[in-house]
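Here is the structure we will look at, set down as structure tokens.
Numbered from 1 within each chain, the chains take letters A, B, ... in sequence-line order.
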Amino acid sequence: MPEKPYDHTHIELKWHERWQNADFYKAEENSSKPKFYVLEMLPYPSGMLHIGHIRNYSIGDALARYKWMQGFNVLHPMGWDAFGLPAENAAIKNQRPPREWTLDNIAAMKKTHRRFAFSYDWDREVSTCEPEYYRWNQWFFLKMLERGLAYRKRALVNWCSKCATVLANEQVVDGCCWRHEDTPVEQRALEQWFLKITDYADELLDDMAGLEGEWPERVLTMQRNWIGRSEGTEVDFHLEGTGEPIRVFTTRVDTIYGATCVILAPEHPLNETLLDSGVKAQAKAMVDGRAGRDPGDIDKEGIFTGRYAVNPYSGEKVPIWIANFVLMGYGTGAIMAVPAHDERDFEFCRKYGIAVRPVIRPADGPLAIEPGMKAPYCDYGIVENSGQWSGLASADARKQMSAHAEQQGFGKAAITYRLKDWGISRQRYWGTPIPVIHCPKCGVVPVPENQLPVILPDRIEITGAGRSPLENVPEFVNVTCPACGEAARRETDTMDTFIDSSWYFYRYCDAHNSERPFDPEKIAYWFEIDQYIGGVEHAILHLIYSRFFTKMMRDIGLIKNDEPARRLFTQGMVIAEGAKMSKSKGNVVGADVLADQLGADTSRMFVLFAAPPEKEVDWRTEGAEGIYRFLGRVYRFLTRNTPAEARSGESDRKVLRKLHQTLRKITEDFETRWHFNTCIASIMELVNQLYAEEQNISAAAMQQVLETIALMLAPFAPYLAQEMWEELGHDGPVFRHSWPTFDAELAKEDEAEIVIQVNGKLRARLSAPFGTPKEELEARALADEKVKTFMDGKQIVKIITVPDKIVNIVVR
RNA sequence: GCGGGCGUGGCGAAACUGGCAGACGCGCCAGAUUUAGGUUCUGGUUCUCGAAAGGGAGUGUAGGUUCAAGUCCUAUCGCCCGCACCA
């Protein structure tokens with residue numbers, strides 16, 4: 001048969017239309033099948049088409065198709081995309097989300113998402129921009145409010161002047177906004193809504209033990225650090241004169257006899273009364289000087305307050321300082337400085353001439369007192385010069401001294417977390433409105449459940465003035481109080497969109513439920529997620545929030561699982577122009593162009609071929625032609641060999657062996673490593689061999705090989721695979737066909753190739769049947785002419801033989 | 001400073017359990033087809049000595065273990081990521 005040229009545009013358009021119009025790929029759920037849940041992408045309002053996600057698409061996509069062909073029920077949030085239609089498709093490609101939030105852009109976005117949510121044929125979709133999704137976000141909020149898990153307080157918050165909104169701690173990167181990396185975050189005092197994620201700090205930490213081995217170690221470590229649990233003691237020093245307590249937190253109460261001053265954070269509340277106005281200004285300057293700077297670059301600075309505090313253990317009077325290295329956000333915002341045993345305290349006290357007094361000695365040495373010491377001394381050992389605790393080991397002293405503080409009422413053992421409650425108030429237009437009403441008489445009143453969802457007004461003006469644009473919409477703001485009926489104001493803050501992503505994957509299981517967020521029975525069927533795929537960049541934001549939400553939903557009785565995802569895979573990012581490809585940077589052009597020029601199959605497969613999925617890749621398109629060429633080679637080979645011609649078949653054995661070896665490699669890789677780059681390489685090898693043996697393959701073998709190639713390509717290049725499937729005389733979707741099984745016997749080589757080494761260097765090879773005895777292999781090796789020349793005049797010391805593999809002759 | 005990871009051709013990479021380093025692709029070189037270019041097909045392509053056969057060296061660097069090391073161990077240099085005055 002004459003071959004046809006590979007016309008990707010024709011093929012992709014043809015199947016695009018067929019897939020869109022028919023209910024070709026309608027989800028099919030069968031309780032007798034195993035389930036498999038792939039999640040690889042967050043439904044950010046603007047995230048759908050994001051190039052940074054092309055790797056997710058490709059990985060999760062290929063995996064989902066494979067699992068589907070294996071006979072699993074697959075729930076895949078991208079709906080039909082999972083079964084063929086890539087996001088880079090022309091039909092939706094122009095709906096790139098707007099970068100600047102103008103009214104027009106928001107209108108466009110709503111349109112995009114409406115279309116996205118309703119246009120495809122899979123009934124599990126959900127869009128976080130939809131009113132129904134607002135309803136359930138708000139419903140969760142009210143549940144948390146009932147349980148005291150949501151609360152409002154005036155707090156110093158992170159503020160990005162470019163976003164004109166508040167940011168969560170997790171959204172502050174190097175002191176700057178995560179979306180504007182050059183804009184230092186300011187601190188402002190505002191009334192804010194918080195979720196009490198700290199209630200779950202211990203559980204979030206402890207349950208990580210069960211994720212060990214299933215989640216990347218790196219992610220678990222990051223979460224542990226983020227939660228930052230540390231055990232210590234809270235102790236009240238007393239302000240000299242008034243006796244007012246100054247509570248400090250320390251992990252080393254055993255060193256308290258070495259405390260030579262107390263240091264407060266510059267924003268510590270006590271400063272209000274402690275400092276005169278000149279010093280207050282200096283304290284303010286300290287706070288400002290710290291913003292947006294790398295802690296390593298900031299010199300320690302302090303100011304003596306002129307006041308003193310009394311050590312409750314020793315009764316000693318020590319000076320009170322304020323210093324820029326003490327953080328209000330951690331512990332109590334006040335510390336005792338023990339310069340002899342802490343590096344930072346040491347540096348500070350040396351600078352300001354404050355006494356350094358060791359109280360710990362090594363277990364096997366004396367207490368060293370060197371006036372000119374250059375560094376803090378001996379971490380753990382025996383406590384000395386510490387009243388009744390002298391002579392105890394550090395650890396014992398810590399316990400006993402904590403207990404003492406509690407008995408005497410001036411302190412207690414305490415656990416401190418770095419994790420803070422999650423500030424969710426945003427002054428944006430596009431988040432879920434927080435469903436409460438502020439009534440002058442009744443205070444904060446929740447919106448009754450039957451009035452949900454509170455939806456956003458259409459007519460708004462974006463001011464960027466640092467107040468929610470909703471405040472300028474009277475018909476939104478002015479309401480009557482649900483409790484007393486008097487005039488009241490609606491809350492104008494909206495929720496952090498990380499709320500959406502914290503539970504969206506549950507909603508995928510039951511997207512059209514109008515009674516509840518989802519049906520618990522459906523969740524019980526699908527959850528936990530078997531395999532979650534996402535970028536490392538979510539290690540502490542999304543992946544802590546969603547774990548928190550899961551535990552919260554369990555506690556309100558909706559679900560049974562403690563954790564959202566059993567296994568997590570973090571894929572590498574796509575880097576362009578030295579930076580992570582991201583929608584806020586706008587450096588996301590490449591893949592669209594590539595898909596236009598070479599097609600969706602090529603761009604998808606190219607990304608998979610570039611590197612293993614956990615690795616970062618630099619986005620570059622040189623080399624994409626290689627993939628295009630390969631797909632063309634496959635297609636041309638197919639079309640000139642269908643129907644297959646009658647030929648000798650003398651290469652059948654060889655070709656089928658290669659076929660089954662390839663199939664084995666891909667099958668095993670899908671089960672374990674997902675190194676699709678090598679899968680694709682092995683298909684290329686197979687095709688190269690087909691070209692070489694083309695004239696000697698029988699018709700039956702040809703048909704079998706081509707069908708198997710179509711099936712093997714289906715996860716990677718769905719359009720071409722589908723086209724091949726049709727050319728080979730099959731109806732229906734190629735994904736409906738089960739994944740082919742490899743035959744280990746057919747994959748086996750006839751003979752083993754034995755490598756002959758002399759002193760570890762390759763000198764010859766020979767072929768021998770599998771299982772040839774050692775002695776025979778050695779005899780044949782020694783008889784080899786080449787080997788003889790290298791042994792010439794030397795003594796054989798020993799011979800190491802690994803059957804079917806290697807003979808190493810050691811000579812001297 | 002603490003924690004994690006990575007260093008392999010001109011480039012992306014492969015080598016999964018210690019057993020042939022560089023699969024596969026890009027790029028480059030040559031040949032065939034073509035009026036030519038492009039496409040396609042075939043062959044070559046780590047470095048180095050050699051006309052060739054063939055030899056030698058080679059996985060950041062220096063040691064070590066082993067019959068055998070890209071892979072294991074020790075030290076060291078470089079790069080990347082995360083955390084960080086966290087008391």
_Taking 4.0 Å as the cut-off, does a side-chain nitrogen or oxygen of A:Lys761 come that near to OP1 or OP2 on B:A68?_
no

*For B:G18, glycosidic torsion class - syn if within 90° of 0, otherwise anti*: anti

*asked:* Going by purine N1 to pyrimidine N3 plus the second Watson-Crick contact, or the G-U wobble pair, all under 3.5 Å, which nucleotide sits opposite B:G3?
replied: B:C81

*Does a nitrogen or oxygen in the side chain of A:Asn808 sit under 4.0 Å from OP1 or OP2 of B:G19?*
no

*Between A:Phe410 and A:Tyr313, how do the two ring planes meet: parallel, tilted or perpendicular, split at 30° and 60°?*
perpendicular

*asked:* Distance check, C1' atoms only: B:A21 and B:A15, in whole angstrom units.
replied: 7 Å

*Nearest whole angstrom, please: distance from the C1' of B:A53 to the CD of A:Glu785.*
16 Å

*Interatomic distance at C1', B:C26 relative to B:A51, whole Å*: 32 Å

*asked:* Tell me the interatomic distance from A:Ile799, atom CD1, to B:G19, atom C1', rounded to whole angstroms.
replied: 16 Å

*Aromatic ring centroids of A:Phe606 and A:Tyr628 under 6.0 Å?*
no

_Nearest whole Å is fine: how far is B:C83 P from A:Arg224 CZ?_
16 Å

_Categorize A:Val810 for me: base, sugar-phosphate, or nothing, with a 4.0 angstrom heavy-atom threshold over every strand shown._
sugar-phosphate

*Short side-chain N/O contact from A:Lys420 to OP1 or OP2 of B:C86, under 4.0 Å*: no

*If you look at every strand shown and take non-hydrogen atoms under 4.0 Å, does A:Val326 touch a base, only sugar-phosphate, or nothing?*
base

*Pairwise P distance, B:G63 and B:G70 [rounded to whole Å]*: 15 Å

*When only distance counts, do a donor and an acceptor, one from the side chain of A:Glu343 and one from the base of B:C85, lie under 3.5 Å apart?*
no

*What do you reckon, are the aromatic ring centroids of A:Phe346 and A:His341 less than 6.0 Å apart?*
no

*Reported CG-to-CZ distance for the pair A:Asn641 and A:Arg636, which is rounded to 0.5 angstrom*: 12.5 Å

*A:Arg567 bridged to A:Glu212 by N-O distance under 4.0 Å*: no

*Describe the nucleic acid contact of A:Glu347 in one word from base, sugar-phosphate, nothing, applying a heavy-atom distance below 4.0 Å.*
nothing

*Give a yes/no on whether any side-chain N or O of A:Lys805 is located under 4.0 angstrom from OP1 or OP2 of B:G19.*
no

*Can you give one letter per nucleotide of nucleotides 38-46 of chain B, 5' to 3': B if a protein heavy atom sits under 4.0 Å from the base, S if only from the sugar-phosphate, - if neither?*
--SSS----

_Assigned partner base of B:U76, Watson-Crick or wobble definition, under 3.5 Å_ = B:G60

*In whole angstroms, how far is the C1' atom of B:C86 from the CZ atom of A:Phe249?*
9 Å

*asked:* Under a 3.5 Å cut-off for both contacts, is B:G70 paired Watson-Crick or G-U wobble with anything, and if yes, with which nucleotide?
replied: none

*Classify the nucleic acid contact of A:Arg229 as base, sugar-phosphate or nothing, counting any heavy atom under 4.0 Å across all strands shown.*
nothing

*asked:* Heavy atoms only, 4.0 Å cut-off, all strands: where does A:Gln757 land among base, sugar-phosphate and nothing?
replied: base

*Do any N or O atoms from the side chain of A:Asp669 and from the backbone of A:Phe676 form a donor-acceptor pair under 3.5 angstrom?*
no

*When A:Lys658 is tested against each of A:Gln689, A:Glu693, A:Glu685 for side-chain hydrogen bond (donor to acceptor under 3.5 Å, both in side chains), which residue passes?*
A:Glu685

*Using a 4.0 Å heavy-atom cut-off across all strands, classify A:Lys300 as base, sugar-phosphate, or nothing.*
base

*Using a cut-off of strictly less than 4.0 Å, decide whether A:Arg344 has a side-chain nitrogen or oxygen near OP1 or OP2 of B:C86.*
yes

*Quantified in whole Å, what is the P atom distance between nucleotide B:C81 and nucleotide B:U71?*
26 Å

*A:Thr801 pairs by side-chain hydrogen bond (donor to acceptor under 3.5 Å, both in side chains) with which of A:Glu775, A:Glu778, A:Lys774?*
A:Glu778

*Could you check whether A:Arg218 gets within reach of a base, just the sugar-phosphate, or nothing at all, counting any heavy atom under 4.0 Å?*
sugar-phosphate

*Across the strands shown, which category fits A:Phe790 at heavy-atom distances under 4.0 angstrom: base, sugar-phosphate, nothing?*
sugar-phosphate

*Between A:Trp321 and A:Phe348, what is the ring plane arrangement, given parallel below 30°, perpendicular above 60°, and tilted in between?*
perpendicular

*Interatomic distance at C1', B:G55 relative to B:A62, whole Å*: 27 Å

*asked:* Any strand counts, and the cut-off is 3.5 Å on both contacts for Watson-Crick or G-U wobble. Which nucleotide pairs with B:G25?
replied: B:C11

*Classify the nucleic acid contact of A:Lys786 as base, sugar-phosphate or nothing, counting any heavy atom under 4.0 Å across all strands shown.*
sugar-phosphate

*asked:* Please give the distance between the P atoms of B:A84 and B:A69 as a whole number of Å.
replied: 43 Å

*Describe the nucleic acid contact of A:Asn677 in one word from base, sugar-phosphate, nothing, applying a heavy-atom distance below 4.0 Å.*
sugar-phosphate

*Sticking with atom C1', work out how far B:U46 lies from B:U8, rounded to a whole angstrom.*
10 Å

*Might you work through the side chain to side chain contact (heavy atoms under 4.5 Å, CB included) test for A:Ile263 and A:Ile322, ending with a clear yes or no?*
CA-CA 5 Å; A:Ile263 310 176; A:Ile322 59 174; 5.6 Å; no

